[in-house]
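Each remark here refers to the structure printed beneath this line.
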Amino acid sequence: MTLDDLVEVLLNKGAVLHLDLIVAVADIPLIGVSVRAAVAGMETMLEYGMMRHWDEATRAWAERSVARRALDLREGERVLSRMAGGHLLTGGVYHGWRPGTVYLTDQRLVVLRDEPREILWQAELDAVRQVRLKPERTVGGEERLRLEVALADGRRELLSAREPETLHDLLSRSGAGRLAPAAAGEEPAVAEGHLWYEEPRRSGPLWRGGRARLTASRLTWKSPVDARPALVLPLTDLAEVGRAPGYGPAGEGSVLVLRTGAGDELRVAADDPARWVRWLESARPVAAAG
């Protein structure tokens, strides 16, 4: 095997090393070393749920660092989230989406354009009275979620975001005590956390680690290296939730089997499978009743 072959294997699949070393002098064992190490590319590590806490902390630090350079922060202002997005301009002659970057700080919500540098839209959090997710069908027929923001002066602004549900939840939490009660049709998270998903592939199913979000109507899962969720399961399609025997990525008994009314089976794995079973079972009747 050449060095190129070795590097390709480590990046694509990885390797687990087991090493037991005993240091002896005159046949008398003095020091024992037992080492278990995993060597793989970061994408492989994240897909298998390894080093995810480090990855989340590093991404958060990077987001804060970039945000400070891009957005002129006020004294004591702290960035909570930064993602690609835009603002729908409805006043005047021009009517259309203006792309930029959406910043949520602990004081305001801002849509900033980099070139030429301009704040396209912003609102103080104290002026935000309600936020809700609003589905919108694009010209190509794809349905996307937009964020509708109701302000104290009666205006309703429409924003786009790379992760609209995440921004909605962050904005709702940051505006706790100021926002009006949730409007009908909003999708607050029932549960969020790390899950492994057995993703179907041409070469065979593959366990991947990522973040799951459960609402009253659906379960979504997305890997940190993917742009869009790989799993979107409406709870109205969920017929049964069960535990699979044997081992999974999170240990023995960690695999959950989700059966749909059409007869399909989806498999996920959790660090705390019993809790996810309770969450899914409690959310499923709510979706069915709606």
| Heavy-atom side-chain contact between Leu109 and Leu159 under 4.5 Å | yes
| Under 3.5 Å, is there a donor-acceptor pair between the side chain of Arg155 and the main chain of Ala152? | no
| Stepwise side-chain contact (heavy atoms from CB on, under 4.5 Å) check, Arg213 with Asp169 | CA-CA 11 Å; Arg213 186 175 189 274; Asp169 292 344; 2.4 Å; yes
| Do Glu157 and Val111 touch side chain to side chain, with heavy atoms closer than 4.5 Å? | no
| request: Please report the closest heavy-atom contact between Thr220 and Pro229, naming both atoms and the distance. | output: CB-CB, 4.5 Å
| task | Write down the atom of Pro205, the atom of Glu198, and the distance for their closest heavy-atom approach. | result | CB-CG, 3.6 Å
| query | Which heavy atom of Ala270 sits nearest a heavy atom of Ala250, and at what distance? | reply | O-CB, 3.4 Å
| message | So, taking the atom named CG in Leu195 and the one named CZ in Arg208, what distance separates them when rounded to the nearest 0.5 Å? | response | 13.5 Å
| query | Taking NZ, NE, NH1 and NH2 as the nitrogens, is one of them in Glu165 or Arg218 under 4.0 Å from a carboxylate oxygen of the other? | reply | yes
| query | Just how far is it from atom CD of Glu124 to atom CD of Gln107, taken to the nearest 0.5 Å? | reply | 7.0 Å
| note | To the nearest 0.5 Å, atom CG of Leu151 lies from atom CZ of Arg129 at 9.0 Å
| query | Checking Ser160 side chain against Gly86 main chain: does a donor-acceptor pair fall under 3.5 Å? | reply | yes
| message | Hydrophobic clusters here meaning ILVMFWY residues chained together by side-chain heavy-atom distances under 4.5 Å, can you tell me if Leu73 and Tyr103 are in one? | response | yes
| field | Heavy-atom side-chain proximity of Arg146 to Trp97 below 4.5 angstrom | value | yes
| Roughly how far apart are Met83 CE and Glu163 CD, rounded to 0.5 Å? | 5.0 Å
| Where Gly193 and Trp276 come nearest, the two heavy atoms and their spacing | N-CZ2, 3.9 Å
| query | Stepwise, does the side-chain contact (heavy atoms from CB on, under 4.5 Å) test hold for Thr166 with Arg211? | reply | CA-CA 11 Å; Thr166 300; Arg211 190 158 188 84; over 6 Å; no
| task | Report yes if the side chains of Leu258 and Leu219 come closer than 4.5 Å at any heavy-atom pair, otherwise no. | result | yes
| request: Could you check whether the rings of Trp221 and Tyr197 sit parallel, tilted or perpendicular, using 30° and 60° as the cut-offs? | output: tilted
| query | Are Val277 and Val268 connected in a single hydrophobic cluster, I mean Ile/Leu/Val/Met/Phe/Trp/Tyr linked by side-chain heavy atoms less than 4.5 Å apart? | reply | yes
| said: I'd like to know if the side chain of Arg108 and the backbone of Gln122 have a donor-acceptor N/O pair within less than 3.5 Å. | reply: no
| task | State, yes or no, whether a side-chain contact exists between Leu80 and Leu171 at a heavy-atom distance under 4.5 Å. | result | no
| query | CG of Leu104 to CZ of Arg82: how many Å apart, nearest 0.5 Å? | reply | 13.5 Å
| remark: Taken to the nearest 0.5 Å, the spacing of Lys134 NZ from His168 NE2 works out to 14.0 Å
| Which is it for Leu233 and Thr260 under the side-chain contact (heavy atoms from CB on, under 4.5 Å) test, yes or no, and what are the steps along the way? | CA-CA 9 Å; Leu233 175 63; Thr260 69; 4.1 Å; yes
| task | Examine Trp196 and Val257 and state if one hydrophobic cluster contains both, with Ile, Leu, Val, Met, Phe, Trp and Tyr joined whenever side-chain heavy atoms are less than 4.5 Å apart. | result | no
| query | Honestly curious: do Val128 and Leu88 fall in one hydrophobic cluster under the side-chain, below-4.5 Å linking rule? | reply | no
| What are the two closest non-hydrogen atoms of Leu256 and Pro273, and how far apart are they? | CD2-CB, 3.8 Å
| Under 3.5 Å, is there a donor-acceptor pair between the side chain of Arg275 and the main chain of Arg278? | no
| query | Is any side-chain heavy atom of Trp207 less than 4.5 Å from a side-chain heavy atom of Val255? | reply | yes
| Are the side chains of Leu214 and Leu235 in touch, meaning some heavy atoms are under 4.5 Å apart? | yes
| remark: All heavy atoms of Leu170 vs all of Ser81, minimum pair found to be CD1-CB, 3.5 Å
| Any sub-3.5 Å donor-acceptor pair from Arg98's side-chain atoms to Leu120's backbone N or O? | yes
| field | Hydrophobic cluster identity match, Trp279 and Val241, side-chain contacts under 4.5 Å | value | yes
| query | Does a side-chain heavy-atom distance below 4.5 Å link Leu147 with Val102? | reply | no
| said: Apply side-chain contact (heavy atoms from CB on, under 4.5 Å) to residues Arg156 and Gln130 and explain how you reach the verdict. | reply: CA-CA 9 Å; Arg156 289 184 176 271; Gln130 191 178 82; 3.9 Å; yes
